[in-house]
Structures are given as C-alpha cells and as structure tokens.
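Proteins come first, then strands; the chains are lettered A, B, ... in the order of their sequence lines, and each starts at number 1.
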Amino acid sequence: MPELAQTETTARKPKLDLKMYGPAIALVILCIIGFSLNSAFLSEGNITNLLTRSAFIGIIAVGATFVITSGGIDLSVGSMAAAIAGIMIILMNALVDILGTGVLTVVVGAGCAVLLGALAGLANGLLTTKGKIEAFIVTLGTMGIFRSLVTYFADGGTLSLNFDIRGTYRPVYYDSLLGVPYPVWVFAVVAVAGWLLMNRTTFGRYCTAIGSNEHVAQYSAINVNKIKTWTYVIQGLCVALATVIYVPRLGSASSSTGVLWELEAIAAVIIGGTVLKGGYGRIGGTIFGALILTTIGNILNFTDVVSNYLNGTMQGLIIIIAVWLQRADWGKPKD
Amino acid sequence: MPELAQTETTARKPKLDLKMYGPAIALVILCIIGFSLNSAFLSEGNITNLLTRSAFIGIIAVGATFVITSGGIDLSVGSMAAAIAGIMIILMNALVDILGTGVLTVVVGAGCAVLLGALAGLANGLLTTKGKIEAFIVTLGTMGIFRSLVTYFADGGTLSLNFDIRGTYRPVYYDSLLGVPYPVWVFAVVAVAGWLLMNRTTFGRYCTAIGSNEHVAQYSAINVNKIKTWTYVIQGLCVALATVIYVPRLGSASSSTGVLWELEAIAAVIIGGTVLKGGYGRIGGTIFGALILTTIGNILNFTDVVSNYLNGTMQGLIIIIAVWLQRADWGKPKD
Amino acid sequence: MVVKNPMASDGLLCADSLSKSFGTVPVLFSVSFSLKAGEVHALIGENGAGKSTLMKIMSGFHSPTSGRIIYDGESVTLPPNGGAEALGIVLIHQELNLAEQMTVAENIFLGREISKRGILDRQEMNSRVVRMLADVGLDISPDTRISELSIAQKQMVEIAKAMSRNARVLIMDEPTAVLTEAETRILFKQVNRLRDQGVAIMFVSHKLHEVKEISDRVTVLRDGQWIGTSPTADLDLDDMARMMVGRELSDLYPPVNEPDVDAQIALSVTGLQTKNLRNLSFDLRKGEILGFSGLVGSGRTEVFEAICGLVPMHAGSITTFGNEARFNSVAQARDAGIVYLTKDRKGKGLLLEEGMQTNLTLLALPQFARHLILDRKKEEAALTRAIRRFDIRARDPNVLAKDMSGGNQQKLLLAKVMEANPKIVIIDEPTRGIDVGTKQQIYHFIAALAAEGVSIVVISSEMPEVIGISHRVIIMREGRIAGTVSGRDINETQIVRYAAGLNEEKTHA
Amino acid sequence: QDTIKIGVSYPTPTHAWAAGMNWHAEQAEARLEALYPDVDLILINSPDPASQASALEDLVSIHGIDALVVLPFESEPLTDPVLNVKNSGALITVVDRGLSQPGIEDIYVAGNNPELGRKSAEYMMSRLESGDNIVILRGIPTTIDNERFDAFMAEIEGSGINVLDHKHANWNRDDGFDVMQDFLSRFPDIDAVWAQDDDIAIGVVAALEQAGRTGDGMFVVGGAGMKETIRGIMDGNELVPVDVLYPPAMIATAMDVTVAAFKSNGPVAGRYILGATLITQENAASFYFPDSPF
Ligand SMILES: Nc1ncnc2c1ncn2[C@@H]1O[C@H](COP(=O)(O)OP(=O)(O)OP(=O)(O)O)[C@@H](O)[C@H]1O
Ligand SMILES: Nc1ncnc2c1ncn2[C@@H]1O[C@H](COP(=O)(O)OP(=O)(O)OP(=O)(O)O)[C@@H](O)[C@H]1O
Ligand SMILES: [Mg+2]
Ligand SMILES: [Mg+2]
C-alpha cells in the first residue's frame with residue numbers, strides 16, 4: 001500500500017496544479033495580447049502603472065478572500081472606502097490648523113482611517129453574527145449607509161484634501177522605494193501577510209473550516225462568531241489601507257468614489273479560484289485576479305479598435321474566458 | 001420517545017409561522033409609518049403607483065427566486081432588461097413600416113422580447129452548467145456584455161419607440177382592468193404561476209433539492225444541469241416579461257435602464273426569506289420583499305424630514321431592520 | 001487464494017471480474033460474485049476493503065474500470081446517478097443521502113414525484129409516506145424537515161424510501177450502523193418480507209451477529225479482493241472475523257480492570273436540566289469507563305452536548321476535578337480537558353472537503369501553533385502518528401475525508417478528539433461502522449486510556465459494547481436517568497428493563 | 001515623431017447627454033483627422049474617476065500624447081492626475097468641469113451650470129406668480145447638481161414661489177417618473193416642475209400625463225438640449241415650452257481649439273465659456289442636431 005500511496009500523490013498533483021496556475025496562465029495570455037496590440041504595454045512605466053493601480057482592488061480583495069472563504073460576503077467595501085476617505089479628508093483638513101501640514105497630520109489621518117475601517121468591519125461582523133442577519137442584507141444595508149454618509153458629509157459634492165497637506169501626503173502614492181511605488185509595496189506586504197494568515201495560521205484554517213461546514217467548526221472548538229466577525233474586521237482594515245493609499249492619488253472623495261469596487265473585489269477573489277460559497281480560499285489567486293482585472297482595463301485603454309461602447313462586452317468576454325480557461329477540468333474524467 | 005417527538009413538532013410550528021409572516025409584518029409596519037407621515041400614502045392613487053412600480057422588480061425577483069433557490073445567482077438581470085428593451089424598440093420601430101402601427105407589431109415585439117429573454121437566460125445557464133464557470137462570474141460577464149450592447153445599439157444615447165406605435169402600446173402600462181393596472185395583473189399572474197411552480201411541481205422541488213444538496217439531487221436521478229439551466233431560462237423569461245411592461249411606460253431604453261435592478265431583485269428575494277446559499281425558496285416572501293423595497297423608496301419620497309443625502313442611510317437601516325425583525329429567533333433558544 | 005469467476009450467471013445481479021481504480025489508486029481487483037433472487041447476501045470486510053465501492057458499482061453510481069455487470073442474465077451498463085432504480089436496483093447509501101432542508105415526504109419521493117397534470121399530488125404522496133413510515137415504525141410527520149431528525153430517524157427514512165421503490169435488487173450499505181436493536185428488528189422484519197417476495201437483497205454490515213442472523217450467504221472482501229463466498233450456515237462469527245482480517249482474533253473486549261472506587265471524581269453533574277432533560281445527576285471518576293445506554297432519543301447525546309456548551313443549560317451545575325465549571329463553548333470544555341466525539345461524523349465531525357491532516361488537528365489546533373503560526377511539521381508528525389495508532393487506512397494520504405471509507409472516517413474522528421490530550425473523553429457511538437478487527441483495537445485503546453487515568457464516557461446503542469467495556473452503566477429514559485448498574489449487574493436484561501421503564505428508578509445521584 | 005497625438009478623455013456615456021458628447025467627439029475626430037493627416041486623436045472613456053485617472057496615465061505612458069483634452073469626471077480627484085500629464089509636457093485643455101487648482105489647464109472650454117440654474121429660475125418667475133407651487137427634481141448628488149440647484153434657489157429667493165420639495169432623480173427617466181408620481185400623490189397643487197435635465201423631464205411628463213395633471217398651465221423645465229425636447233419646442237409643446245442649453249458639443253469646441261493650438265498661427269490659450277441659452281420656439285431650430293444621439 002505504501003507504493004500505491006505514492007503513485008497517487010504524484011497523480012493528483014498535476015490536476016491541482018493546473019487549477020493553481022490557472023489565474024497566472026490567464027494573466028500571461030492577457031499580457032501577450034497586450035504586448036501584441038502595443039509593445040508599450042510591457043514598458044516599465046506601464047507595468048508600474050498597472051501594479052500601482054491593482055493595489056486598491058488587490059488589497060480590498062485580500063480582505064474579501066477571508067470573508068468569502070468563511071462563507072460570508074461584503075458588498076459594502078466600495079462605499080466603506082468612500083466614507084473612510086471622506087472622514088479622513090475632513091479630519092486631516094481640520095488637523096492642519098492644529099498639527100500643521102507635516103507628517104504627523106498624515107499619520108493621524110491614516111491611523112484614524114484604519115480605526116474607522118476596523119469599526120465599520122466590526123459593525124458588519126456583529127450584525128451578521130450576533131444579529132443573525134444574512135451577510136448579503138447587512139452589507140447591502142451598510143453599503144447604502146456608508147455611501148449616503150459620504151454624500152452627506154460632502155453635501156452632495158466633493159470633499160477635497162487641503163492643498164497644503166497634499167504635498168506631504170502625495171508621495172505615499174506617487175513616490176517609489178527601490179524603483180517600486182509605495183502602493184505596490186503596501187500591496188505586496190498585504191498580500192504576503194494575507195497569504196501567511198490564510199495558509200499558515202490557525203485563523204486561516206478556522207476560516208476555511210467555517211466556510212466548509214459551520215457545524216463541524218463549532219464542534220471542533222472554533223468560536224464561529226468570533227472568527228466570522230474578525231473576517232469582516234480584516235476586510236475593514238484592508239479597505240482602510242486601500243483608502244490610505246487612494247486618497248493621495250486623487251486628493252478627494254465624493255459619492256462616486258469606490259462605486260462598484262465591491263463587485264470588482266469579489267470578481268478578483270472568484271477569478272482567483274476561491275469558492276463563492278466558502279470553504280476554499282486562495283490569496284495567491286486573488287492577487288492574480290486583481291491583476292487580471294486591471295490588465296483588462298489597461299488593454300482596453302490601449303486600443304481604439306473596438307467601439308468604446310463595446311468595452312463592457314470585451315471585459316465580460318475576457319473575464320468569462322479567463323475563468324473558463326482555468327476552470328475547465330482539462331482531461332479530468334467527469335464523475 | 002413518541003411523546004418527545006410530538007411535543008417537538010407542536011413546539012416548532014409557531015417559529016415557522018413567524019418566519020413565514022415576517023416579510024408581511026415588516027410591510028405592514030412600513031405602511032403604518034408611511035401613513036403616519038402622510039395620509040396620502042394610503043390614497044388609492046399611491047397604492048396603485050406602488051403596486052405598479054413593484055411589478056418590474058417583483059417579476060424579475062420571482063425568476064431570481066428560482067435561480068437562488070437552486071444555489072445560483074444572476075447579476076445580469078438589469079442589463080438584460082436594458083438590452084431586451086433596446087432590441088425590442090429597434091425591432092418594433094422597424095416593424096412599423098411592414099406591419100403598421102397596430103397590435104400585431106406590439107405582439108411581435110413582445111414575442112421577440114420573450115424569445116430574447118429565454119435565449120439570454122439559456123446562455124447564462126449553459127455557461128454555468130456546461131461551461132462549469134461560477135454563476136457569479138458568468139453573470140458578471142454577461143452583465144457587462146448586455147449593458148454594453150444596449151449602449152452600442154443606442155449609440156450611447158437613448159432608443160425611443162416610434163411615436164406612432166406608442167399609442168397602441170401605452171395602454172399595456174397605463175390602462176387598468178377592473179380598476180387594477182395591467183402591470184399589476186401581470187405581476188399577480190407571474191407570482192401565482194411562480195408560486196405554483198415552486199411549491200406544487202416537481203420542478204420547484206428539484207430546485208430546492210439542488211440548492212439543498214447537489215449530490216443528493218444528482219443521486220436521486222435529477223438532471224441537475226438541466227434544472228439549473230431552466231432556472232436561468234425562467235429568470236430570462238421573467239426579465240423579458242418585466243421589460244414588455246416596462247417599455248410602454250416611457251417608450252425608451254438607454255444604458256441607464258435597469259441599473260442596479262439585479263441588487264434590488266436579489267435583495268427582494270433575500271428579504272422575503274429565501275436563503276442565499278440555496279435550498280429554501282419562498283415566492284410569497286419574494287413578492288413581499290419587492291413590495292417592501294418599493295415602499296421604502298416611496299416613503300422616502302413622501303417626507304422631507306431627512307436630508308435627501310441620507311436617503312441611502314434610511315434605506316439601508318430599514319432593510320436591515322426589516323430583515324432583523326423577521327430573522328431574530330424570537331424566544332428560540334440558540335442552538 | 002484463487003480468484004476466478006464463480007457462478008457468474010446463476011444470479012439476478014452478478015459482478016463479473018469488476019475492477020475499480022480512483023485515478024491511479026486501485027480499490028477493487030477483479031471481483032466476481034452473484035446475488036440471487038430471494039436471498040439475503042451479506043458482504044463483509046474490513047474498513048476500506050471496497051464494499052461500498054462495489055455496491056456503488058453494482059447500482060450504477062460508479063462505473064467499473066473493467067469487468068461487467070450481468071443483470072437478469074444480460075451484460076448491462078447501468079445508468080448513472082440512481083437511474084438504475086428504474087431497472088429495479090436500489091441502493092441505500094452508507095452515507096446519509098437526504099436533502100436536509102427538505103421534508104421527509106419530499107425526500108422520500110425525490111426524483112419520482114407523483115403528479116397529476118404537472119401538479120404534485122401532495123396528498124397522495126403524504127398519505128403514502130405516512131404508511132411507509134408506519135411500516136418502519138417511525139412516528140414522525142411527513143412534513144418534518146430532515147434537519148430536525150436524529151441520525152437514526154434519518155436512517156429509517158432512508159430505509160423507508162428504499163423499501164418504497166419496488167426493488168428487485170435492494171442493496172443496503174451498513175443500514176444498521178446507526179440503528180438500535182429495536183429499530184434493527186423492524187428493519188429485519190421488512191427484509192424478511194421482501195426476501196419472501198423474491199427480492200434479491202445485499203446487506204453490508206460490520207455487525208457479524210446480524211449477518212449471521214439475517215443472511216443466507218456471505219461474501220468476504222479483503223483489500224479489494226474477493227476472498228470467498230459461502231452459505232451463512234457454514235460459518236460462525238469467528239470464521240467470518242478470521243476471513244475478514246486474515247488472522248485469528250483474540251478476545252474482542254479487553255479485560256476490565258477493577259475500578260478504583262476511591263479515585264478522584266473527574267466530572268460531577270448535579271441537577272442538569274435542558275429543554276429535553278430533567279434533573280440529571282451523576283459522577284465520573286478518574287480512570288473510569290462509564291457507559292451510557294438507553295433508547296434512541298432518550299437524551300444521552302444532549303447530556304454531553306449540554307456539558308460541552310453546545311446545548312443551552314437551563315439549570316444544574318458541573319464540576320471537573322472539584323472545580324466549578326460552566327462551559328459556553330467547546331473550546332472552554334476542551335481547555336478544561338473534556339472532549340466530545342460526535343456521532344454525526346458527516347454533519348458535525350469531519351470537514352468532508354478537506355484532507356486527513358486538516359481534520360485531524362482541527363480540534364486541538366492551538367497546540368499546533370506557535371504565536372498563531374502553524375507548525376506544519378508537527379501536524380505532519382501527528383498525522384503519521386494517528387495513522388499508525390488508529391490504523392487509519394487510506395490508500396492515498398491526500399484523500400479528502402468524503403472519499404474515505406466510512407470506518408476510516410470514524411477512526412479519523414477518534415484520532416481527532418484524542419489530539420486534544422483530554423482528561424475526560426466522551427465518545428458517542430465509538431464503533432459506528434467499524435470492522436471487528438478495528439473494533440477490538442478501539443476497545444483495547446479505550447481500556448488502555450482508562451488505565452492511564454483518563455475518564456471515559458461511552459454512549460452506545462450497542463448493548464454488548466457497553467456491557468463489554470464499561471465499569472458502570474447509566475441507563476437513560478425520556479430525558480432522565482432510569483438507573484445505574486455496575487459490576488456483575490451489567491447485563492442485557494437489567495439494562496433493557498431500565499431502558500424500557502420496567503425497573504423503578506432507584507435514585508442514584 | 002511626426003504625428004501630433006492628442007488624447008481625449010471623458011466619462012463613459014451612461015446617459016444621453018454624455019452620449020451626445022461622445023457623438024460630437026467622434027464627429028470631431030473624424031473631421032479633424034481627415035483635415036490634418038498628421039493629427040491623431042485618441043478617444044478614451046472611463047466609468048469612474050479612478051479609471052479616468054488610470055486612463056490619463058495610460059495616455060502618457062503608452063500613447064505619449066502631445067496634448068490632452070479632458071472632461072473630468074469630477075474636478076477634485078482628477079486635478080492631480082491632470083497635473084501629472086501636464087508635467088509630462090503635454091498641452092492641457094479642460095472641458096466643462098474646471099480643475100480644483102488654477103493654472104493647470106492651458107485652454108478651458110465650459111458650459112455654465114450656475115447659469116443654467118439661474119436661467120431656469122428666471123423663466124419660472126416669468127410664468128409664475130407669488131404663492132404658486134413648484135417641485136424640483138435634482139440630478140445625482142454632485143457638485144454640478146449643487147451649482148445648478150443653488151443658483152436656482154438663489155435666483156428664486158424672494159419671488160414668493162414655493163418650492164414644495166426637491167428630491168434627487170439622478171438624471172434618470174425612471175427615477176424622474178417615480179419621484180414625480182410621488183410628488184403628485186403628495187401635493188394636490190403643483191403649478192410647475194423644474195426637472196433640471198431633459199431625461200428627468202421625460203419621466204416627469206409621463207407621470208403628469210398618467211395623473212392627468214397636464215392642464216391648468218402646468219409646465220416642465222428641463223435642461224441640456226436633448227434633440228427630442230428641442231423638436232418638441234419647435235412644434236410648440238406647451239408642457240415643455242423651453243429648455244436651457246448645456247451643449248454636449250462643447251467637447252468638439254475643445255478639440256477644435258486644441259488642434260488649432262498646433263495648427264493655427266493665432267493664439268488660442270484662454271477660457272471659452274459657452275452660454276446657457278434659453279431655447280424657445282423662436283431659436284430652437286439652430287440647436288437641433290437630428291443625427292446626434294442626444
Ligand atoms: N471517490 C473516491 N476517490 C478516491 N478514493 C476513494 C473514493 N471512494 C472510495 N475511495 C477509496 O476506496 C477504498 C475503499 O473504500 P470503500 O468505501 O469501498 O470501503 P468499505 O469497504 O465500504 O469500508 P467501510 O467498511 O469503512 O465502509 C478506500 O481506501 C477509499 O479511500
Ligand atoms: N426531534 C428533534 N428535533 C430536533 N433535534 C432533536 C430532536 N430529537 C433529538 N434532537 C437533538 O438531537 C440530539 C441527540 O438527541 P438525543 O440526545 O435525544 O439522542 P441520543 O439519546 O443520544 O440517541 P442516539 O444517540 O441513539 O441517537 C440532541 O441534541 C437533541 O436536542
Ligand atoms: Mg463502506
Ligand atoms: Mg396654483
């Protein structure tokens with residue numbers, strides 16, 4: 001039997017691996033298409049832009065991976081980002097008078113954003129677990145609430161960061177360390193931390209267990225409500241981080257900030273191979289999912305071969321094909 | 001043991017019932033609030049408006065109940081409605097020259113819409129089942145595709161129905177039979193048919209079984225793929241029907257037609273008590289869910305107590321509270 | 001052992017040199033045997049021998065890698081996914097195969113509903129279901145949701161469902177594993193009725209005395225090979241056990257060492273009340289094996305689910321090793337040294353979509369982590385150890401729990417709770433679905449644990465098991481303790497009298 | 001590098017006004033590229049501010065544009081990204097919505113939102129008397145909407161005309177219909193409606209017709225200059241007798257001026273503010289483009 005076991009192991013691997021590398025393969029194909037459309041696609045500038053841009057959705061999607069893996073869903077992330085950005089801007093503008101336009105104001109603002117993110121996530125989490133309301137409804141509700149809060153704060157218009165503080169804050173988005181822009185560093189750190197948390201800690205294991213079968217998790221001494229709540233808090237923290245690097249980019253927030261980010265984040269997670277119903281989460285895949293989505297948008301900006309109106313069609317087709325490429329059980333007998 | 005089992009059964013009944021009537025109770029509370037804000041809320045005209053308005057989302061939500069009950073999801077319904085409306089208008093405008101402005105043109109147009117709906121649903125269904133791509137991704141993709149198609153057909157603008165045919169078609173939205181507007185009749189018929197299909201036919205039972213446990217369904221010789229595909233076709237048909245009564249209202253379609261209808265439809269389904277993960281579907285609840293959503297919007301238009309900007313907050317809070325009211329396990333010990 | 005084609009054509013349903021591999025892992029090697037009309041044919045073998053796989057092939061749920069199935073004298077390819085029911089071949093799966101959110105009636109008629117002009121005839125179905133349930137002695141409403149039933153009730157629903165299918169061939173994969181004596185009797189009555197009607201019945205079980213009682217012929221599988229088929233009359237229980245495991249088996253039950261009546265009290269429960277339990281009190285001493293017996297639904301499970309914080313307690317107090325304890329979660333109970341092994345291994349015990357390692361360490365996961373980071377080496381070592389200690393047989397170490405044989409799932413579950421190094425172990429139905437050889441290992445294992453000073457509660461519906469290993473047995477009836485027996489009083493008559501309410505309650509708290 | 005590359009960035013046409021703008025941009029592209037073979041116009045639309053910022057980055061890094069014509073989704077968030085484009089050396093033309101930092105753009109072409117509000121209010125006052133009631137349907141909560149609304153309210157202040165209530169109808173026909181239905185249920189006496197936008201006005205008119213409250217001199221004022229509306233004005237529609245222009249064709253103006261910056265020998269830098277003309281039956285014909293989608 002030992003010999004058998006071994007052949008089995010090797011036999012299983014390839015199938016797993018294809019699923020594993022599916023998102024990566026899809027991304028490579030996209031890059032080839034991009035390059036063939038316009039060789040500037042692989043220019044350093046474009047690659048940097050692409051990565052920096054992926055950072056927002058990517059960071060949020062890392063958080064979403066935890067929520068989805070443990071069987072939840074969070075529709076409120078886009079609105080949450082807008083609300084956090086708005087409050088952060090109001091706060092920083094107010095702080096300029098007290099703390100000046102130095103780093104301190106930015107740090108306090110960012111710290112406050114992180115706190116807000118955690119609180120917003122906590123609210124989602126507690127309503128879902130203690131309130132026993134379906135996550136879909138809770139976060140649909142908070143989505144509306146967060147969005148209207150930012151509209152309210154901005155009086156229907158736009159909240160903009162004080163120009164004096166922008167100079168201090170701008171580098172967070174636009175500057176680089178070792179040739180790599182800061183947002184990409186943040187993305188990388190979040191990705192690695194997320195990966196470790198998911199794959200190397202009890203927490204990640206518990207998320208998977210809960211998403212897989214809540215009863216079994218409960219009988220296995222897992223505090224289901226606590227872990228679930230934490231996933232929403234992590235989601236909130238990720239949203240806050242994404243916001244902290246988003247604000248210096250555009251220096252403002254309005255009711256149109258972060259619209260549809262929730263769909264993009266969830267799409268990145270699912271494209272990456274995580275299962276929507278929970279129980280199987282892949283941070284690595286999520287990263288590729290986010291990159292794929294950004295690349296699609298980038299490629300469409302590259303060419304005006306197709307009518308602008310048909311962008312949505314191209315995007316839809318590419319997403320479906322990308323997932324199909326990795327999902328089809330190549331050669332696996334159906335059973 | 002017999003005694004135990006029996007007390008058990010009788011003890012359980014009340015809980016079931018509360019869950020059953022939860023959405024209805026939430027709606028009644030909303031109506032009381034509405035009436036206390038403004039007595040015109042219960043005027044015949046407003047009630048008629050409310051019901052007619054609910055018809056679109058309600059009809060679509062009936063279809064969504066089937067999709068969700070069998071464990072799927074359809075994000076494309078709003079875009080699908082826009083695309084069908086667009087194509088229907090183009091077709092009817094073209095037909096005016098051939099068939100004139102009589103009923104025939106309208107009937108052909110409506111028939112064509114129904115056909116398109118079925119085909120669009122079929123595409124979603126086949127991609128999900130045969131293509132083995134997650135429903136979330138498939139319908140996210142087709143959502144983009146349908147939406148951009150209508151933008152393309154309308155050249156980004158608005159497709160308007162020929163004024164000559166409007167007179168023939170208008171009554172479908174604006175006229176009444178026995179004092180009840182036609183859209184409400186259609187809604188009622190769809191609701192009853194949906195209820196029968198869900199609760200009194202093998203099809204409904206199979207949907208529940210598939211959503212409950214796909215393996216069990218498969219092992220019971222149920223053709224899982226076929227049933228799932230059918231749910232999407234039904235969803236498509238419902239969207240088409242909703243479109244047929246939508247078009248005569250304003251006689252136009254544009255890329256902003258049906259935006260976010262998918263979220264509203266899903267929310268109606270979930271508010272109504274259907275479980276997002278499948279296995280438990282309630283058409284009756286869905287109807288109330290749709291009515292609740294419309295009523296919330298209606299009430300917010302009836303008062304200027306809250307800042308317009310906070311509409312979203314009110315809406316979010318009301319949805320969460322409405323669901324909480326019906327979900328909280330009143331007096332049921334946690335288990 | 002010579003394996004050739006024995007009597008391949010003289011039965012109603014025959015297997016002709018069936019082989020099956022999952023991926024590259026072979027599970028069955030050219031198995032042939034035949035099932036005749038009007039016989040009860042038992043299939044026995046160790047856990048993982050391939051019994052379930054063979055049964056699934058013979059009812060169309062798996063397709064064989066090679067070999068033929070002969071039905072009614074003709075070589076057939078059975079339709080997949082239960083389509084063979086139309087041909088009269090019905091399988092009761094080893095795993096419960098019911099849609100939890102649906103009602104009993106909906107499940108029983110799933111896939112073959114009765115309808116009139118497209119509209120379901122619910123009255124007709126309900127009245128038929130009422131009759132079917134009466135036939136199998138189940139007193140529940142057809143509108144009850146499956147999720148509200150106990151496991152035994154679910155199994156009886158499965159049986160009722162299969163019985164209603166007008167089968168020519170009825171294959172039952174360990175139908176009695178979750179049933180008590182009384183329910184087994186009902187089942188056997190039905191089986192005999194069907195046999196008399198000429199139905200060919202295949203019966204898989206690890207309860208050899210049942211095999212002896214009900215079957216006409218026995219076929220033995222070992223490691224995916226056909227070992228032999230012979231008339232049941234020619235075999236005694238020891239012969240069967242020997243054929244299964246390929247060696248002599250010594251005593252099934254270990255010698256019960258003398259209980260230490262002065263030992264410290266490990267667990268003391270006084271006045272426990274829950275929704276279904278009334279004023280329950282008992283003590284458990286260090287190193288004691290305490291049996292819990294009683295009819296299904298008498299509340300045994302609930303006692304311990306309440307103690308572990310899984311069911312709300314309305315009143316009562318619990319002390320462990322003299323300390324007041326009230327657990328709100330399984331984690332607190334675990335940290336206090338109490339673990340509970342559920343009888344519902346699919347619903348509450350194992351993550352079916354995960355592998356052995358994840359499942360093994362889940363309960364005791366904090367032990368495998370340093371500063372929240374998992375120590376994967378340690379986890380791997382634990383798996384290797386558990387596989388050896390509990391003789392878990394999976395041909396592929398990466399196999400998902402859902403693809404393991406039923407008995408091996410049970411062993412994995414036992415290994416899982418033992419990872420927490422408990423001082424008090426509560427085992428609900430410890431040997432459900434386990435073969436004799438392994439049963440023996442588990443009993444010896446329990447005895448050894450007790451000897452080390454671990455206190456053990458064994459909840460079991462198998463009377464001989466409770467009698468064979470317990471120092472003391474508490475019998476429950478309708479949510480209360482009906483009586484306690486110890487020493488020489490532990491015998492079937494006493495227990496049954498208490499369980500049935502014939503002995504008056506000698507308050508023993 | 002012989003060709004002059006000009007990037008044109010604007011919001012995705014998700015409503016008719018933007019579609020009209022898109023149509024005029026495409027017309028201008030074809031016309032200008034035919035006229036000057038060495039001019040390459042690259043049209044990109046974006047669904048939200050962040051994507052537009054990305055698109056601007058792509059125009060620089062991939063297309064290496066010499067000039068940018070941009071209609072910012074919103075002023076604030078796009079100020080920095082446009083500044084980045086400027087720093088790459090490109091000529092900047094801003095259309096419609098000014099940036100929040102002065103001096104970035106070389107050329108500014110815009111409609112006039114406050115003027116639109118004011119013109120509408122003036123017309124209202126010319127038709128109504130003190131004590132008359134109106135309702136307002138607003139757009140999507142944005143700065144544009146605020147500017148129009150605030151100017152309208154400031155103008156109407158003190159005239160004695162009652163604004164019964166104002167709700168957001170999101171520049172959307174369906175929302176316009178629903179909100180108007182509810183206004184009609186709520187207020188038995190409404191004398192006029194300011195719908196601010198032609199799309200909303202279509203919904204409003206449908207609701208009025210349904211309720212049979214089109215008589216008694218009821219009228220609706222929209223805005224922007226949709227071709228159907230202008231057609232109606234030309235035909236003497238009494239329910240929607242006027243419109244206030246906010247022309248989507250301003251993008252074409254901007255493109256012309258930008259190309260002129262490379263081709264003309266005259267100076268072009270500066271601000272071009274287009275009027276918010278009141279369209280009446282008399283002047284309607286000159287604002288009617290039957291081929292435009294808007
Ligand atoms: N779908 C599957 N994929 C991979 N391996 C499988 C699958 N199904 C069964 N196996 C393996 O086949 C072997 C035989 O399993 P089977 O369930 O037939 O045993 P069994 O004789 O019924 O045992 P038990 O008495 O424990 O129920 C086991 O090693 C099991 O892990
Ligand atoms: N009719 C029922 N509906 C819902 N839950 C039930 C029902 N009957 C029992 N239960 C639950 O199932 C669990 C096990 O039941 P119980 O303790 O009565 O079984 P038991 O005596 O252990 O019998 P066995 O283990 O032989 O099935 C308990 O948590 C109990 O609350
Ligand atoms: Mg088995
Ligand atoms: Mg008046």
Asker: Which pairs pass ring pair (Phe, Tyr, Trp, His ring centres under 6.0 Å) with one or both residues in residues 369-409 of chain C, sequence neighbours excluded?
Answerer: Phe390(C)-Phe445(C)
Asker: Just to be sure I understand the criterion: a residue of residues 357-364 of chain C counts if one of its heavy atoms is under 4.5 Å from a heavy atom of chain A. Which ones qualify?
Answerer: Thr358(C), Thr361(C), Leu362(C), Leu363(C)
Asker: Looking only at heavy atoms, which two atoms of Lys416(C) and Ser220(A) are closest? And how far apart?
Answerer: NZ-OG, 2.6 Å
Asker: Give me the atom names and distance for the closest heavy-atom approach of His215(A) to Gly347(C).
Answerer: CB-O, 3.3 Å
Asker: Could you tell me which portion of Gln367(C) (side chain, backbone, both or neither) has an atom closer than 4.5 angstrom to a non-hydrogen atom of chain A?
Answerer: neither
Asker: Mind checking what makes side chain to side chain donor-acceptor pair (under 3.5 Å) contact with Glu264(A), not counting sequence neighbours?
Answerer: none
Asker: For Pro80(C), is it the side chain, the backbone, both, or neither that has a heavy atom closer than 4.5 Å to a heavy atom of chain A?
Answerer: neither
Asker: Could you check whether any side-chain N or O of Asn213(A) sits under 3.5 Å from a backbone N or O of Leu350(C), counting only pairs where one atom can act as donor and the other as acceptor?
Answerer: no
Asker: Is chain C contacted by the side chain of Leu197(A), its backbone, both, or neither, given a heavy-atom distance below 4.5 Å?
Answerer: neither
Asker: Taking all non-hydrogen atoms of both residues, which atom of Ser212(A) and which atom of Glu353(C) are closest, and how far apart?
Answerer: OG-CB, 4.3 Å
Asker: With chain C, which of Ala217(A), Ala209(A), Gly204(A) has the greatest number of heavy-atom pairs at distances under 4.5 Å?
Answerer: Ala209(A)
Asker: In terms of heavy-atom proximity below 4.5 Å to chain A, should Phe61(C) be classed as side chain, backbone, both, or neither?
Answerer: neither
Asker: Can you name the salt bridge (Lys or Arg N to Asp or Glu O under 4.0 Å) partners of Asp375(C), sequence neighbours left out?
Answerer: Arg370(C)
Asker: Determine the minimum heavy-atom distance between Lys346(C) and Val216(A), stating which atoms define it.
Answerer: O-CG2, 4.4 Å
Asker: Shortest non-hydrogen contact from Gln218(A) to Val330(C)?
Answerer: O-CG2, 3.3 Å
Asker: Just so I know, are the side chains of Arg376(C) and Arg200(A) near enough to count as touching, which here means a heavy-atom distance under 4.5 Å?
Answerer: yes
Asker: Considering residues, nucleotides and ligands other than Lys402(C), do more than 12 of their heavy atoms fall under 6.0 Å from its NZ?
Answerer: yes
Asker: Of the non-hydrogen atoms in Tyr219(A) and Thr342(C), which two are nearest, and what is the gap between them?
Answerer: CD2-CB, 4.1 Å
Asker: Shorter than 4.5 Å, heavy atoms on both sides: which option in Cys308(C), Ala333(C), Ala331(C), Gly349(C) has the most such pairs with chain A?
Answerer: Ala331(C)
